[in-house]
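Some notes on the structure that comes next.
Chain letters run A, B, ... following the sequence lines, proteins first, then strands; residues in each count from 1. All heavy atoms count here, side chains included; hydrogens, waters and symmetry mates do not.
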Amino acid sequence: MSNGAEAPLDDFVRELVRADAASGRFGGRVQTRFPPEPNGYLHIGHAKAITLDFELANEFGGVCNLRFDDTNPDTEDTAFVDGIIEDLEWLGYQPNGEPLYASDYFEQLYTWAEHLISQGLAYVDDQDAETISQQRGGFGQPGIESPFRSRTVDENLELFRNMRDGKYEEGSRVLRAKIDMQHENMQLRDPVMYRIRHEPHHRTGNRWHIYPTYDWAHGQSDAIEGVTHSLCTLEFDSHRPLYDWYLSHLPLPGDTPRQTEFARLELTHTVTSKRRLATLVNDGIVDGWDDPRMPTLRGLRRRGYPAAAIRDFCSFIGVSRANSRHQIELLESFVRQHLNATAQRKMAVLDPLRLVITNWPEGQVDEVEVVNNPENSDDGNRLVPFSGELFIEHDDFRADPPPKYFRLTPGREVRLRGAYFVTCTGFDVDEAGKPTTVYATYDPATRGGNAPDGRKVKSTMHWVSAQHAVTGSAALYERLFAAEVPGTETGDPMDDLDPNSVSVLEGCMFEPSMGELEPGEVVQFERLGYFAHDPRTRLLFHRTVGLRDEWARIQQRG
RNA sequence: UGGGGUGUGGUGUAAUUGGCAACACAGCAGUUUCUGGUUCUGCUAUUCGGGGUUCGAGUCCCUGCACCCCAACCA
């Protein structure tokens with residue numbers, strides 16, 4: 001497969017960066033930053049931004065900072081900081097130096113705010129949020145200037161210092177930029193720069209009583225760090241004039257960074273909004289941020305998605321300004337591509353049916369050799385015990401086979417992988433007519449899985465020796481959201497949650513070598529799919545993704 | 001409602017910047033195979049609508065339409 005090999009290494013962002021380099025802007029330097037707010041864990045959407053930020057810097061010989069945009073003490077937490085650092089490292093990216101924090105720049109931002117006040121470009125407004133909002137006007141409607149807009153510099157300075165010193169109640173005053181209350185872009189109608197919060201901050205504690213807003217903090221943080229290209233998602237498009245306005249009125253230490261927006265990543269059958277993901281966790285709909293159904297990095301990791309597959313996917317889909325939603329199947333194809341090449345093969349029977357070899361010598365145990373990964377001969381072979389009493393998959397036996405059914409059925413000969421040809425001679429059923437035991441004879445001449453006389457079989461099946469099996473469980477996952485685009489019908493994505501998105505099979509029978517799998521290891525259960533060993537619970541496996549299944553498609557078509 | 005952004009097969013992304021619309025996923029038909037996996041081959045299918053400029057338009061011009069974003073003291 002070649003879809004991961006040739007990622008499109010060109011797009012409008014790279015073109016723009018190249019043009020900047022050619023024109024000598026930033027002295028040919030390229031520096032980016034990944035700026036998460038520590039109020040949740042990273043998800044697949046962040047992976048796209050991370051890949052862009054880091055790969056771009058790398059391609060142009062620059063660096064990428066990790067900067068926590070921690071300007072809102074209400075929602076942020078050090079647990080998220082740690083989690084984000086961990087997830088970024090797992091994804092495979094090394095930030096430039098230590099993690100940085102917008103909160104480290106609070107002092108500088110404060111100084112610059114006083115600078116704007118002194119220039120008559122910012123003022124303290126004593127009105128409440130609702131009044132300010134109303135005065136902002138609406139689309140196509142004029143705004144109304146605040147009665148406090150024309151305060152003197154000295155008065156503003158004094159009030160602002162009192163704000164900093166915690167002398168006022170939350171919500172009683174804000175600092176606003178004095179721009180234009182009639183501007184057609186709402187972002188420029190005197191935006192709020194500082195609000196009063198007496199909440200302790202996860203890093204600065206109780207040192208500050210005022211906190212900068214995103215807009216006031218972001219571009220300035222970029223400038224302080226020497227970021228050249230500040231990449232963000234499309235919804236900040238209308239903020240760019242404000243980003244530029246702040247920067248243009250400040251005595252910056254270096255070059256003025258440039259903001260560029262790109263379309264965020266959306267995937268079918270899932271949501272990537274921190275708010276909604278938090279709801280899934282807090283309402284107990286999933287087991288936590290690392291539930292294997294979650295599109296979070298830690299969820300995908302627990303599900304068994306290789307980091308390299310996620311990176312390749314993100315590079316492959318490229319970057320544009322068109323809002324779009326990728327099919328989850330594309331991501332899965334990258335996962336299969338990586339896992340096919342790397343995952344060790346194991347025999348696991350998820351829905352066991354007893355198979356008795358009637359002509360097997362009483363008590364004999366054979367050790368048969370099977371390959372660990374046909375895609376990589378370096379992975380070698382292993383020995384698996386075979387005996388007269390085995391488990392096979394319920395799906396692999398039919399008393400009354402439908403058309404095109406190649407598996408075991410009365411009178412038919414099939415191969416047990418790496419072992420022998422067996423021919424079904426009979427079967428028992430329970431009261432409901434469900435098979436309970438299948439009987440077969442084996443051909444000793446076919447040991448190893450080939451007939452000396454050259455006869456062929458239509459099917460090769462996996463199996464586990466009953467007396468040697470280790471037992472465990474397997475969690476099978478469906479899409480968390482049944483609809484391609486959650487919320488299309490009712491407007492609320494939560495209405496499209498599939499209540500049966502997970503089913504856990506107990507009493508699965510695994511070949512003995514699976515007792516030694518490492519926590520988190522991902523293997524292929526032959527003919528079934530890729531499964532990830534749970535990091536905490538031994539012999540619990542999460543189905544990462546199934547194999548392509550032609551038989552399933554034949555059945556679906558009827 | 002004012003402003004900004006975006007429209008290319010079923011999905012997503014390209015097109016040497018005006019020169020045979022390509023790549024991947026999905027689907028279909030074969031091939032290979034000790035996994036109904038993998039491999040390999042082939043097939044299906046695309047420029048939002050309407051005008052215009054041009055030998056030639058996905059690309060330029062005019063016009064219409066659709067979708068997304070912006071009126072938090074969130075980011």
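- Minimum atom distance to the side chain of E235(A) is reached by C69(B), of the listed G37(B), A14(B), C69(B).
- Which of A75(B), U35(B), U38(B) sits closest to the side chain of T460(A) comes down to U35(B).
- Within a 6.0 Å radius of CD in E130(A), other residues, nucleotides and ligands contribute 12 heavy atoms or fewer.
- Closest contact between the side chain of D237(A) and the listed nucleotides G4(B), A75(B), G37(B) involves G4(B).
- We find that CZ of R553(A) is positioned 8 Å from C1' of G27(B), with the value rounded to whole Å.
- At least one side-chain nitrogen or oxygen of R136(A) sits closer than 4.0 Å to the OP1 or OP2 atom of C73(B).
- Of the side-chain N and O atoms in R336(A), none sit less than 4.0 angstrom from OP1 or OP2 of G37(B).
- With 3.5 Å as the limit, one finds no donor-acceptor pair spanning the side chains of D77(A) and H202(A).
- Here the nucleotide nearest the side chain of Q327(A), chosen from G37(B), C25(B), C68(B), is C25(B).
- Phosphate contact (OP1/OP2 of U35(B), side-chain N/O of R407(A), threshold under 4.0 Å): absent.
- Using a 30° and 60° split on the angle between ring planes, H46(A) and H43(A) fall in the tilted class, from 30° to 60°.
- Side chain to side chain, Y123(A) and D190(A) meet the donor-acceptor criterion of an N or O pair below 3.5 Å.
- Between the CG atom of N340(A) and the P atom of G36(B) there is a distance of 14 Å, rounded to whole Å.
- A donor atom on one side chain and an acceptor atom on the other are not found under 3.5 Å apart for T423(A) and R412(A).
- Aromatic pair Y405(A)/W551(A): ring centres closer than 6.0 Å.
- Atom CG of D222(A) and atom P of A75(B) are 15 Å apart (whole Å).
- Counting non-hydrogen atoms of neighbouring residues, nucleotides and ligands closer than 6.0 angstrom, the CD atom of E489(A) reaches no more than 12 such neighbours.
- Map E329(A) and T213(A) each onto its nearest nucleotide of RNA chain B; the residue landing nearer the 5' end is E329(A).
- Across the interface with RNA chain B, nearest-nucleotide mapping of K456(A) and P212(A) shows K456(A) to be the residue nearer the 5′ end.
- Where stacking is scored as ring centres under 5.5 Å apart with planes under 30°, F139(A) registers as stacked on the base of C70(B).
- Summarising the geometry, the separation between CD on E15(A) and P on U59(B) is reported as 18 Å, rounded to the nearest angstrom.
- When the side-chain nitrogen and oxygen atoms of S133(A) are compared with OP1 and OP2 of A72(B), one or more of them lie within a distance under 4.0 Å.
- Distance OH (Y123(A)) to P (C73(B)): 12 Å, rounded to an integer number of Å.
- Proximity note for Y405(A) (side chain, C-beta onward) versus A75(B), G37(B), G36(B): the nearest is G36(B).
- At the phosphate of U6(B), OP1 or OP2 sits under 4.0 Å from a side-chain N or O atom of R321(A).
- In the set G36(B), C74(B), U13(B), the nucleotide with an atom closest to the side chain of A322(A) is U13(B).
- Among the heavy atoms of the strands lying under 4.0 Å from R197(A) is at least one base atom, whether or not backbone atoms are also near.
- For R325(A), no side-chain nitrogen or oxygen approaches OP1 or OP2 of U13(B) to under 4.0 Å.
- There is a side-chain donor-acceptor pair under 3.5 Å between Q259(A) and E261(A).
- The side chain of R548(A) contributes no N or O atom lying less than 4.0 Å from OP1 or OP2 of U35(B).
- Among the heavy atoms of the strands lying under 4.0 Å from H239(A) is at least one base atom, whether or not backbone atoms are also near.
- In U41(B) the base sits anti relative to the sugar, since the glycosidic angle is further than 90° from 0.
- Across all strands shown, P35(A) has no heavy atoms under 4.0 Å from either base or sugar-phosphate atoms.
- Taking only side-chain atoms of M186(A), from C-beta outward, the nucleotide of A72(B), A75(B), A71(B) with the closest atom is A71(B).
- Between the base of G37(B) and the side chain of Q524(A) there is no donor-acceptor pair shorter than 3.5 Å.
- Closest contact between the side chain of E184(A) and the listed nucleotides C73(B), G3(B), G36(B) involves G3(B).
- The side chain of T71(A) places an N or O atom within less than 4.0 Å of a non-bridging phosphate oxygen (OP1 or OP2) of A75(B).
- The nearest whole Å value for the distance from the CG atom in D128(A) to the C1' atom in A72(B) is 13 Å.
- The side chain of E37(A) has A75(B) as its nearest neighbour among A75(B), G37(B), A14(B).
- Side-chain atoms of R447(A) and D366(A), non-hydrogen and from C-beta on, do get closer than 4.5 Å to each other.
- Taking a centre distance below 5.5 Å and an interplanar angle below 30 degrees as the stacking criterion, F406(A) stacks against the six-membered base ring of G36(B).
- Using a 90° window around 0 for the glycosidic torsion, A21(B) falls outside it and is classed as anti.
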Bracket string, RNA chain B, 5' to 3' - pairs by Watson-Crick or G-U geometry under 3.5 Å, | interstrand: .((((((..((((.....[..)))).((((.........))))....(((((..]....))))))))))).....
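- Using a distance-only test at 3.5 Å, with no hydrogens or angles considered, a donor-acceptor pair links the side chain of R195(A) to the main chain of P212(A).
- Each of G37(B), A24(B), C73(B) was ranked by its minimum atom distance to the side chain of R345(A); first place goes to G37(B).
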